[in-house]
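Taking it in order: structure first as structure tokens, then the write-up.
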Amino acid sequence: LISDFVKQHLSDGGGLPKMIDWIRKKSDYADQIFSLWNKEIIFQLAKEYYAGQKHCFDFYHFQPSIIKKQEGNIEQESILFEATLEDRLKKFQVGIYTGRSRGETSYIIEKIGWKKWLSPEMIITCEDNIKKPSPAGLKFLLDKIFSRRGLYIGDTRDDLLTVQNLNRKE
């Protein structure tokens with residue numbers, strides 16, 4: 001089963017790039033697998049599974065055609081910080097630089113209750129055509145708040161590289 005494979009080999013994250021790397025290094029059938037590989041379908045499947053029928057159009061601007069689940073995995077995500085964090089953050093100028101879509105980001109901001117105080121112009125998503133690890137998103141946000149310094153919180157290698165790239169340009 002795919003879920004068993006993911007748990008065994010990909011449970012620490014890394015997404016599609018890690019899957020490709022795993023296939024190249026560990027599979028005797030890499031050439032055959034990649035000859036059948038359709039990256040667009042793989043991304044579509046991931047989006048449909050994540051958003052479900054409920055959110056797929058709002059997040060990605062298409063109706064799901066493969067995964068017919070009403071609710072996607074986004075419905076199972078839980079908030080990982082205390083409610084008091086919001087009170088502390090509101091004292092500062094806050095921006096978001098994410099590789100997620102504007103629809104996904106808006107949904108989460110609404111879900112956690114930040115929509116009432118987080119300025120939309122302080123949110124950079126994949127639709128803004130700036131991709132991590134480019135420091136351009138962070139530079140844009142720093143310019144918006146007229147600052148040369150900020151605190152960036154991330155959870156991926158690209159987040160770390162983004163900050164390192166910004167610091168190299170300074």
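Keep in mind that what you see is a predicted model, and the values were worked out from it rather than measured. Hydrogens, waters and symmetry mates are skipped; everything else that's a heavy atom, side chains included, is used.
Within the structure, side chain to side chain donor-acceptor pair (under 3.5 Å) contacts touching residues 26-41 (residues at least two apart or in different chains) do not occur. Sequence neighbours left out, the pairs with a member in residues 107-120 that pass side chain to side chain donor-acceptor pair (under 3.5 Å) are Glu75-Tyr107, Glu86-Trp117, Glu110-Lys115, Ser119-Glu121. For the ring pair (Phe, Tyr, Trp, His ring centres under 6.0 Å) condition, no pair includes a residue of residues 128-151, sequence neighbours left out.
Within 6.0 Å of atom CD in Gln70, more than 12 heavy atoms from other residues, nucleotides or ligands are found, so the atom counts as buried in its surroundings. When the shell of 6.0 Å around CZ of Phe92 is examined, it contains 12 or fewer heavy atoms from other residues, nucleotides or ligands. No more than 12 heavy-atom neighbours from other residues, nucleotides or ligands sit within 6.0 angstrom of NZ on Lys131.
Residue Met19 is grouped with residue Phe43 when hydrophobic side chains (ILVMFWY) are merged at heavy-atom distances under 4.5 angstrom, including chains of intermediate members. When the side chains of ILVMFWY residues are joined at heavy-atom separations under 4.5 Å, either directly or via intervening members, Ile109 and Ile145 end up in two distinct hydrophobic clusters. Both Ile130 and Leu141 sit in one connected hydrophobic cluster of ILVMFWY residues. Membership requires side-chain heavy atoms under 4.5 Å apart, directly or through other members. Cluster membership for Tyr152 and Leu166, using ILVMFWY side-chain heavy atoms within less than 4.5 angstrom, is shared.
When hydrophobic residues (I, L, V, M, F, W, Y) are linked wherever their side-chain heavy atoms come within less than 4.5 Å, the members clustered with Ile153 are Leu151. Residue Leu45 belongs to a hydrophobic cluster whose other members are Ile41, Tyr49, Ile66, Ile67, with links defined by side-chain heavy atoms closer than 4.5 Å.
From Asp58, atom CG reaches atom OG of Ser106 across 9.5 Å, with rounding to the nearest 0.5 Å. The CD1 atom of Ile112 sits 10.5 Å away from atom CG of Leu80, with the distance rounded to the nearest 0.5 Å. Atom OH of residue Tyr97 and atom CG of residue Leu142 lie 12.0 Å apart, to the nearest 0.5 angstrom.
Inter-residue side-chain proximity for His55 and Ile74 is flagged as met; some heavy-atom pair is nearer than 4.5 Å. For the pair Gln53/Lys69, no side-chain contact is recorded, criterion being any heavy-atom separation below 4.5 Å from C-beta on. In this structure the side chain of Ile96 never reaches within 4.5 angstrom of the side chain of Met122, judged on heavy atoms. In this structure the side chain of Leu138 never reaches within 4.5 angstrom of the side chain of Ile124, judged on heavy atoms. Annotation: side chain of Ile108 is in contact with side chain of Glu77 (closest heavy-atom distance under 4.5 Å). Side-chain contact check for Phe34 versus Ile20: some heavy-atom pair is nearer than 4.5 Å.
For Gln93, there are no side chain to side chain donor-acceptor pair (under 3.5 Å) partners two or more places apart in sequence or in a different chain. Judged as a side-chain contact (heavy atoms from CB on, under 4.5 Å), and not counting sequence neighbours, the contacts of Phe62 are Gln44, Lys47, Glu48, Cys56, Tyr60. The side-chain contact (heavy atoms from CB on, under 4.5 Å) check on Gln76 picks up Asn73, with sequence neighbours excluded. Applying the side-chain contact (heavy atoms from CB on, under 4.5 Å) rule to Gln164 yields the partners Leu160, Leu161, Arg168; only residues at least two apart in sequence or on another chain are considered. Scored by the side chain to side chain donor-acceptor pair (under 3.5 Å) test, Glu71 finds no partners at all (sequence neighbours excluded). Residues satisfying the side-chain contact (heavy atoms from CB on, under 4.5 Å) criterion with Ala46, sequence neighbours excluded, are absent altogether. Residues meeting the salt bridge (Lys or Arg N to Asp or Glu O under 4.0 Å) test with Asp158, sequence neighbours left out: none.
A distance-only check finds a donor-acceptor pair linking the side chain of Glu127 to the backbone of Arg102 [under 3.5 Å]. Looking only at distances, a side-chain donor or acceptor of Ser101 sits under 3.5 Å from a matching main-chain atom of Phe59. Remark: the backbone N or O of Thr162 is not paired with any side-chain donor or acceptor of Asn165 at under 3.5 angstrom.
Scanning both residues, Leu118 and Val94, for their nearest heavy atoms gives CD1-O, 3.3 Å.
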